[in-house]
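Notes follow once the structure below has been shown.
So you know, we letter chains A, B, ... as the sequences are listed, proteins then strands, and number each from 1.
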Amino acid sequence: MTTEPDPSPTSEPDPNDEQAGESTFDALSAERRKKRDQLGEQGIDPYPLRFDRTAMAAELHERHDELAADVRTGENVRMAGRLTSVRGHGKLSFATLQDVSGSIQLLMQASVLSDQAKPVLATFDLGDWIGAEGEVITSRRGELSLDVTELWLLSKALRPLPDKWHGLTSTDTRYRQREVDLLANPESRRVFDIRFRTVAALRKEMMGEDFVEVETPILQPQAGGALARPFLTHSNALDIDLSLRIAPELYLKRLVVGGFERVFEIARNFRNEGIDTRHSPEFTALEAYWAFSDYNDGMDMTERLVVAAARSATDRMNFSVGERSIDLTPPWPRRQLLDWLAEMVGRRLHPTDPVEDVRAVCEKHDVDILPEWGSGKLIFELYDTIVLPTVVDPVFVCGFPVEVSPLARHSNDDPTMADRFELCIDAKEFANGYSELNIPEEQEERFSHQAKAVAQGDLEAMPADLAFVRSLEYGLPPTAGIGVGVDRLVMLLSEVEAIRDVILFPMLRPEAAS
RNA sequence: GCGCCCCUAGCUCAACGGUAGAGCAGCAGAUUCUUAAUCUGAAGGUUCCUGGGUUCAAGUCCGGGGGGGCGCACCA
């Protein structure tokens, strides 16, 4: 931090030699610099090293919110936070001090402030970090306040803050300068509080069930575990191309092979695909794998996790997103995909049906298809475009074609269908899980089937992962696996419609150099 | 990638094609119970960039570029 002489023209009284394109912003900022430097000239350090606080806003409110108006507690405290509002009233000023827990009103009377505090108060601007000491009282109007005796500047805000009433609405600025969004918009703070509580609840729930949290590679020679296009990068040391993780699945299952019977990871995944309200190039998923269980256990676990997160982060089970109302109250229905689809298209379809027949149904329902797709993929697309959009409250959709589930175990009743489920809420996929395929030869065959798709130019098909197949040859016990989309869960719990609103620093084009 | 919309003071927003305005913030002043405090005064602008046109007149209408949002398509 420097305290160089102020180069701006406002400290210079001559109005003529300034103004080579000085903007309003420059003037406002110069004004704040000047105030800061005034303190320095008075021997007051504008950037003190530390500050001992003895109370926080929420704690004071908790203890004293029942007090009547115009009461003195005799309790003296020191508080610190950001100055968010000032209501000057001559020899009396009111201000709002906001700390991480909440906010409290400062009452600053000329007759009570120390001689040291008065000049400090004169330099305050909205947005400054300040410290205040005083007695806890209630104002005549009954608001809990600090009757301030001492004031400190802890750090100056040199830039003017957004409108104190409207906040910051420009989405561009909110995403690029999230810190400004957070300090100006309480709603944004609320969303991220829910996010942090959600992640903490998920982790706590997993820990409570004796899962161990692990970290698997993000830089991978070959991205696997999902059907998606990866980001590519390069290692200089090894001189090899690498992909960024698209899913942690294969590594996590290798850990189960290794004897970690219950593992999970809260994993940042990267997919080089479209960006929209529901998709971010980097997103967070919780993936968990545990031995001796199947996909029915996976549904139980998924339900427990989501309900625990909702309870812990919001203490509610009902949410409204846009015009929709969603009720998370368990238990959630479990429906067979093929049954549901039969109801909606008026005839029962199956992966073994001739591809021309399924194709005809797709065309009838305006589903976009590619010529190389088989019946299983077409059935999945039908589900995606005509069943999924009708979902409101949570529902587990069970049984997916093996053709679109290259890592899932086939059903004992039907080798063309996989023991796999998706949790759907509000027309979106929230979670996905299955009984893991643990038969090495079958996995190898699934990979080679995918390899054909790669050869045909499918950029999202899964390349064969021989290290993974080798690991299966050491024996993967019967295992259930689930993946839960954390961002989408947070969107629901915080009732926002854009995934960028729940990601602190979403990916954007770089700011234009100015 | 395609379609629609947006970009004006630090922030939030105005301006039938007709001298670019208001509120907040900031500045000067008044005010010892306000809480979007109030009141008075003065100030604050490369209208995203760029080129052209109808025109006496372009923030506004047309072309190109940049950034953003929404919808469609791929994906979770």
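Applying the salt bridge (charged side-chain N to carboxylate O under 4.0 Å, His left out) criterion to A:Lys91, with sequence neighbours excluded, gives no partner residue. Residues satisfying the side chain to side chain donor-acceptor pair (under 3.5 Å) test with A:Arg268, not counting sequence neighbours, are A:Glu282. Every residue two or more places apart in sequence or in another chain that forms a salt bridge (charged side-chain N to carboxylate O under 4.0 Å, His left out) with A:Arg190 is listed here: A:Glu187. Qualifying salt bridge (charged side-chain N to carboxylate O under 4.0 Å, His left out) partners for A:Lys156, counting only residues two or more places apart in sequence or in other chains: A:Asp125, A:Asp128.
For B:G63, the paired base is B:U50 (Watson-Crick or G-U wobble, both distances below 3.5 Å). Pairing of B:G71, defined by two Watson-Crick or G-U wobble distances under 3.5 Å, is identified with B:C2. Figure legend. B:U55 is base-paired to no nucleotide; pairs are counted as Watson-Crick or G-U wobble with both atom distances under 3.5 Å. Remark: B:A30 base-pairs with B:U38; criterion is Watson-Crick or G-U wobble with both hydrogen-bond distances under 3.5 Å. With a 3.5 Å ceiling on both atom-pair distances, B:U19 lacks any Watson-Crick or G-U wobble partner. Nucleotide B:C24 is matched to B:G10 when pairs are restricted to Watson-Crick or G-U wobble geometry with both distances under 3.5 angstrom.
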Contacts under 3.5 angstrom, residues 483-493 of chain A side chains, donor-acceptor by atom type, not counting sequence neighbours:
unit_1	atom_1	unit_2	atom_2	d
A:Asp487	OD1	A:Arg195	NH1	3.0
A:Asp487	OD1	A:Arg195	NH2	3.1
A:Asp487	OD2	A:Thr284	N	2.7
A:Arg488	NH1	A:Glu429	O	2.9
A:Arg488	NH2	A:Arg278	O	3.3
A:Arg488	NH2	A:His279	NE2	3.4

Which atom pairs, donor and acceptor, lie under 3.5 Å between side-chain atoms of residues 383-390 of chain A and protein residues at least two apart or in another chain?
unit_1	atom_1	unit_2	atom_2	d
A:Tyr383	OH	A:Glu422	OE1	2.8
A:Thr385	OG1	A:Glu381	O	2.9
A:Thr390	OG1	A:Val387	O	2.6

I'd like a table of donor-acceptor pairs (distance under 3.5 Å, sequence neighbours excluded) in which one partner is a side-chain atom from residues 391-407 of chain A, with atom names and distances.
unit_1	atom_1	unit_2	atom_2	d
A:Asp393	OD1	A:Asp327	N	2.7
A:Glu403	OE1	A:Gly376	N	2.9
A:Glu403	OE1	A:Lys377	N	3.3
A:Glu403	OE2	A:Gly374	N	3.0
A:Ser405	OG	A:Pro401	O	3.0
A:Ser405	OG	A:Arg420	NH1	2.8

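Side chain of A:Glu287 to main chain of A:Glu265: no donor-acceptor pair is present (N/O by atom type, distance under 3.5 Å, no hydrogens or angles). When atom types are taken as modelled, the side chain of A:Glu59 and the backbone of A:Met56 share a donor-acceptor pair closer than 3.5 angstrom. Side chain of A:Asp70 to backbone of A:Ser139: no donor-acceptor contact under 3.5 angstrom is found. Between the A:Trp332 side chain and the A:Leu328 main chain, a donor and an acceptor come within less than 3.5 Å of each other.
Between B:A37 and A:Ser85, a contact under 4.0 Å exists linking OP1 or OP2 to a side-chain N or O. Phosphate contact (OP1/OP2 of B:G71, side-chain N/O of A:Thr277, threshold under 4.0 Å): present. Between A:Arg509 and the phosphate of B:G67, there is a side-chain N or O to OP1/OP2 separation shorter than 4.0 Å. For the pair A:Lys164 and B:C24, the criterion of a side-chain N or O lying under 4.0 Å from OP1 or OP2 is not met. Between A:Thr24 and B:G10, a side-chain N or O to OP1/OP2 separation shorter than 4.0 Å is present.
Residue A:Arg488 is in base contact, counting any heavy-atom pair closer than 4.0 Å across all strands shown. Using a 4.0 Å heavy-atom cutoff across all strands shown, A:Ser139 reaches at least one base atom of the nucleic acid. Counting non-hydrogen atoms under 4.0 angstrom, A:Phe430 reaches nothing in the nucleic acid. Nucleic acid contact class of A:Gly485 (heavy atoms, under 4.0 Å, all strands): none.
Between A:Leu423 atom CG and B:A76 atom C1' there is a gap of 12 Å when expressed in whole angstrom units. In this structure, CD1 of A:Ile499 is placed 16 Å from C1' of B:C70, rounded to the nearest angstrom. Rounded to whole angstrom, the span from the NE2 atom of A:His279 across to the P atom of B:C75 amounts to 9 Å. The distance between atom CZ of A:Arg72 and atom P of B:C33, rounded to the nearest whole Å, is 16 Å. In this structure, A:Gln105 atom CD and B:A36 atom P are separated by 11 Å, rounded to whole Å. B:C72 atom C1' lies 11 Å from atom CZ of A:Arg278, rounded to whole Å. Protein atom CG of A:Leu370 is 14 Å distant from nucleotide atom C1' of B:C75, rounded to whole Å. Distance, A:Tyr383 OH to B:C75 P: 13 Å, rounded to whole Å.
Salt-bridge formation is not detected for the pair A:Glu31/A:Lys35: no Lys NZ or Arg NE/NH1/NH2 atom is positioned less than 4.0 Å from an Asp or Glu carboxylate oxygen.
Listed nucleotides B:A76, B:C75, B:C33 differ in distance to A:Lys377; the shortest reach to its side chain belongs to B:C75. For A:Arg176, whose side chain is taken as the heavy atoms from C-beta onward, the closest listed nucleotide among B:C75, B:G67, B:U35 is B:G67. Relative to the side chain of A:Ala498, the nucleotides B:C70, B:G68, B:A76 differ in distance, and B:C70 lies closest. Of the candidate nucleotides B:U31, B:C75, B:A25, B:C75 has the atom lying nearest to any side-chain atom of A:Arg271.
Counting atom types as modelled, A:Asp276 pairs a side-chain N or O with a base atom of B:C74 as donor and acceptor under 3.5 Å.
Looking at residues 280-288 of chain A, you'll see A:Ser280, A:Phe283 sit with a heavy atom under 4.0 Å from some atom of RNA chain B. Residues from residues 106-119 of chain A that place a heavy atom under 4.0 Å from any atom of RNA chain B, listed by number: A:Leu107, A:Gln109, A:Ser111.
For the atom pair A:Leu106 CG and A:Met79 CE, the distance stands at 8.0 Å (nearest 0.5 Å). For the atom pair OG1 (A:Thr173) and CG (A:Asp181), the distance works out to 9.5 Å, reported to the nearest 0.5 Å.
Applying the salt bridge (charged side-chain N to carboxylate O under 4.0 Å, His left out) test to pairs two or more places apart or on separate chains, those with a residue in residues 103-122 of chain A are A:Asp115-A:Lys118.
B:A36 has A:Trp165 stacked on its base ring, the centres lying under 5.5 angstrom apart and the planes within 30 degrees of parallel.
In summary, the side chains of A:Gln222 and A:Asp465 do not present any donor paired with an acceptor at a separation below 3.5 Å, with no hydrogens or angles considered.
In terms of heavy atoms, A:Ala223 sits closest to A:Pro230 at CB-CB, 3.9 Å.
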Any N/O pairs under 3.5 Å between the protein and nucleotides 12-15 of chain B? List them or say none.
unit_1	atom_1	unit_2	atom_2	d
B:U12	OP1	A:Thr169	N	3.1
B:U12	OP1	A:Thr169	OG1	3.2
B:U12	OP1	A:Ser170	N	3.1
B:U12	O3'	A:Thr169	OG1	3.4

Could you pull out the protein-nucleic contacts involving nucleotides 26-29 of chain B (nitrogen or oxygen on both sides, under 3.5 Å)?
unit_1	atom_1	unit_2	atom_2	d
B:C27	OP1	A:Lys35	NZ	2.5

